[in-house]
**Q** 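The following block contains the structure, expressed as structure tokens.
Within every chain, numbering begins at 1; the chains are lettered A, B, ... in the order of the sequence lines, protein sequences first and strands thereafter. Given the structure is predicted, the values throughout are model-derived calculations rather than measurements.
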Protein chains: 2
Amino acid sequence: MTLNDRKMMILQAIVKDYIESAEPVGSRSLSKKYNLGISPATIRNEMADLEELGFIKQPHTSAGRVPSDKGYRLYVDQLMEIKRTADKTRIHLKTELLRQYNELEQMLQYTSKLLSEFTNYTSIVLAPQVKKSRLKEIKLARIDEENMLAVFVTNTGLIQNPIFRVPPELSSDELEKIANFLNQKFVGMPLEEIENRLAGTLKEELERFHSAVHSVMPELFHALEQMSDMGLYLSGTTNIFNFPEFSDLSKARDFLTLLEEKQVISQLITDPGGGQLKISIGSENSIQKAHECSIVTASYHMDNQTVGWLSVIGPTRMDYAHVIDVLDQMSRLMNQALKDKY
Amino acid sequence: MTLNDRKMMILQAIVKDYIESAEPVGSRSLSKKYNLGISPATIRNEMADLEELGFIKQPHTSAGRVPSDKGYRLYVDQLMEIKRTADKTRIHLKTELLRQYNELEQMLQYTSKLLSEFTNYTSIVLAPQVKKSRLKEIKLARIDEENMLAVFVTNTGLIQNPIFRVPPELSSDELEKIANFLNQKFVGMPLEEIENRLAGTLKEELERFHSAVHSVMPELFHALEQMSDMGLYLSGTTNIFNFPEFSDLSKARDFLTLLEEKQVISQLITDPGGGQLKISIGSENSIQKAHECSIVTASYHMDNQTVGWLSVIGPTRMDYAHVIDVLDQMSRLMNQALKDKY
DNA sequence: GTTAGCACTCTATTAAGGTGAGTGCTAATT
DNA sequence: AATTAGCACTCACCTTAATAGAGTGCTAAC
């Protein structure tokens with residue numbers, strides 16, 4: 001079922017043209033605009049074949065053709081020329097600013113803003129998944145008579161510092177002892193494993209180690225659980241209004257509502273598949289509500305491990321080549337910035 | 001220029017009806033629906049007067065009347081009956097959950113969500129203004145050979161913990177000394193004042209105190225500056241699609257774009273005026289872009305000081321009575337929860 | 001295998017006519 | 001003097017019809 005060169009050429013032209021114009025592409029204008037060296041009639045014949053094979057479709061009988069999800073897929077896999085056109089210098093310059101953020105959070109927020117700015121779509125940045133990151137250090141310290149501060153530092157630069165009450169009889173020295181013990185046991189371990197162990201047999205061992213520890217444990221455990229909330233940074237949500245496919249109010253609404261459901265969004269982005277870069281087109285998305293969108297996702301790394309994702313979401317009629325280019329550059333630059341920092 | 005009772009009654013009926021129906025209100029339907037005891041013709045005469053005085057207006061010649069911003073203002077100030085209808089038990093129950101959040105951030109996020117849920121408008125919660133909160137404690141601690149952690153705790157429960165590099169020759173003991181010194185100097189002081197002092201003469205004193213301190217100062221200073229970003233939690237942004245006044249795509253777009261500009265939003269909300277509760281109707285808003293919206297804002301407190309705001313934004317045709325009721329309840333409950341916690 | 005020609009299809013746009021809610025004004029009524 | 005009934009008038013909105021235009025599929029010629 002491989003297509004001959006001419007069909008490929010025609011499909012490529014249709015997709016390109018439609019990505020640019022958002023109007024169904026007719027045989028006549030195609031032949032004129034792209035100098036394919038064949039007449040509209042011939043193109044019509046080929047189009048009929050392409051339609052039968054499911055790569056393009058007609059909005060209605062007397063309209064031009066529009067790429068189907070399958071058509072975009074073929075385009076992305078085989079026809080697209082990744083143009084390194086996105087202004088490299090500009091991206092590079094702006095990304096330099098990443099280094100000036102001390103807080104990972106702000107850095108991610110800024111990354112997201114840049115992504116939407118460079119692509120004109122909506123961007124999503126997923127912060128490092130807490131549960132998978134490894135403990136670097138636990139600190140416990142009294143703040144005053146009633147409260148203590150726990151600081152969890154992970155290898156992904158994530159810091160969590162819940163405050164909670166402790167009985168006054170627990171001294172600073174004792175807290176330090178407990179912290180030492182916990183560090184000895186847990187440093188280097190993924191948080192989710194720590195959570196499991198805390199719930200399991202280790203609990204007893206800890207309570208044997210220090211009698212006062214049982215008053216701190218539930219709070220620590222709770223704090224760990226709370227860390228599961230994964231940060232998600234959106235930017236350019238209103239860019240959707242630039243695209244005619246969302247000029248229907250209910251379409252725009254559905255899209256924006258989708259974006260509000262952080263749980264769903266993060267599932268879409270972390271869906272397995274793909275390597276360094278993942279492209280999910282229309283109905284390929286695992287969630288029904290995202291069937292009118294395409295999502296391009298790049299991962300970013302720390303310690304040679306994937307810890308989070310940069311993502312661009314927009315209409316299936318997306319300028320894939322450009323988005324891929326930008327995402328590729330941004331993720332590289334971000335990896336570098338993270339490496340320098342942590 | 002005070003209106004007679006009948007005019008008041010008619011204006012009240014018009015506003016009520018329009019808030020409910022979003023349709024221009026005609027004299028005939030008004031007379032029927034509200035049993036005012038006067039004929040449509042009389043109402044028409046009164047309406048003509050009310051229009052001349054600027055309390056109502058006509059979308060076009062042969063349409064009913066719609067309240068103007070001035071009309072809403074009169075309604076809010078004198079005619080509105082605050083109905084304690086919002087289900088008190090329901091709000092109370094759900095708000096109970098506020099207590100279970102350790103992190104202020106999550107608590108505010110949840111508050112925002114509840115607000116939009118109870119009102120069906122968009123809600124905005126402004127986190128305590130960092131610069132105005134007072135320092136409760138500074139902690140400095142080494143994390144490893146290269147990095148240290150600074151923890152700022154404020155009276156508003158806000159914690160900031162920037163990590164930065166320090167020269168290895170600075171020992172833990174020395175860090176502790178510095179921290180002690182800083183605490184002694186700054187505890188109880190608003191952050192903005194600390195910032196100023198750090199930039200001023202105190203800088204020299206600090207550097208006299210400990211020779212190594214100059215290597216930490218710029219970073220600490222930078223960290224303080226970064227704390228200025230005020231947290232802003234939005235919820236229910238897509239509720240705007242429920243209102244016919246925003247069924248025009250460009251209107252909806254403008255509204256959502258406005259919400260994306262956090263700087264502008266926080267200005268709108270913190271604009272002075274009003275006491276415990278502030279209502280800003282349409283053109284009363286200081287920002288041109290918000291002239292089609294009304295904003296109702298309640299403040300919340302810590303240590304008997306206003307530290308942040310709860311806000312609801314929606315069309316000028318807003319159910320003010322209900323929103324005020326909900327905001328009032330929520331802010332009380334929140335104040336209580338904060339008091340218990342900090 | 002390719003292309004010109006042609007009838008046909010379907011959407012989008014515009015114009016025209018009809019409907020109904022609501023008004024302002026005048027004259028009659030209370 | 002205030003209120004109300006009556007009536008002509010206005011204007012948005014809806015429906016219908018007519019028209020233009022882009023594009024197709026099919027057939028026959030090249």
**Q** Rounded to the nearest Å, what distance is computed from the CG atom of residue L36(A) to the P atom of nucleotide dT3(C)?
**A** 11 Å

**Q** Between Y233(A) and S123(A), is any side-chain donor less than 3.5 angstrom from a side-chain acceptor?
**A** no

**Q** Taking the six-membered ring of F246(A) as reference, does the cationic atom of K251(A) (NZ for Lys, CZ for Arg) lie under 6.0 Å from its centre and within 45° of its axis?
**A** no

**Q** Could you state the atom-to-atom distance from CG of N4(A) to P of dT2(C) in whole Å?
**A** 9 Å

**Q** May I ask you to evaluate whether T42(B) reaches the phosphate of dT4(D), defined as a side-chain N or O under 4.0 Å from OP1 or OP2?
**A** yes

**Q** Salt bridge or not between E51(B) and R65(B)? Use side-chain N to carboxylate O under 4.0 Å.
**A** yes

**Q** Looking at dG6(D), does its base get a donor-acceptor pair with the side chain of R44(B) below 3.5 Å?
**A** yes

**Q** When the nearest nucleotide of DNA chain D is assigned to S62(B) and to N45(B) on a heavy-atom basis, which residue is associated with the more 5' position?
**A** N45(B)

**Q** If I take atom NZ in residue K7(B) and atom C1' in nucleotide dT3(D), what distance separates them, rounded to the nearest angstrom?
**A** 14 Å

**Q** Would you say N239(B) and T122(B) are linked by a side-chain donor-acceptor pair, where the criterion is simply a distance under 3.5 Å?
**A** no

**Q** In this structure, how many angstroms lie between the C1' atom of dC10(C) and the CD atom of Q58(A), rounded?
**A** 11 Å

**Q** Between atom CZ in R28(A) and atom C1' in dT3(C), what is the gap in whole Å?
**A** 14 Å

**Q** In terms of side-chain heavy atoms, does E292(B) have a donor or acceptor partner in T316(B) at a distance below 3.5 Å?
**A** no

**Q** Taking CD1 from I38(B) and P from dT29(C), how many angstroms apart are they, rounded to a whole number?
**A** 22 Å

**Q** Closer to the 5' end of DNA chain D via nearest nucleotide, is it P59(B) or A41(B)?
**A** A41(B)

**Q** Could you tell me how far apart I43(B) (CD1) and dG22(C) (P) are, to the nearest whole angstrom?
**A** 12 Å

**Q** Does dG24(C) have OP1 or OP2 sitting under 4.0 Å from an N or O in the side chain of R65(B)?
**A** yes

**Q** dT24(D) P sits how many Å from L30(A) CG, rounded?
**A** 9 Å

**Q** For dT4(D) and S39(B) - does any side-chain N or O of the residue sit under 4.0 Å from the phosphate oxygens OP1/OP2?
**A** yes

**Q** Determine: side-chain N/O of S27(A) to OP1/OP2 of dT24(D), distance under 4.0 Å, yes or no.
**A** yes

**Q** The side chain of T61(A) is closest to which nucleotide in this list: dT24(D), dC10(C), dG22(C)?
**A** dC10(C)

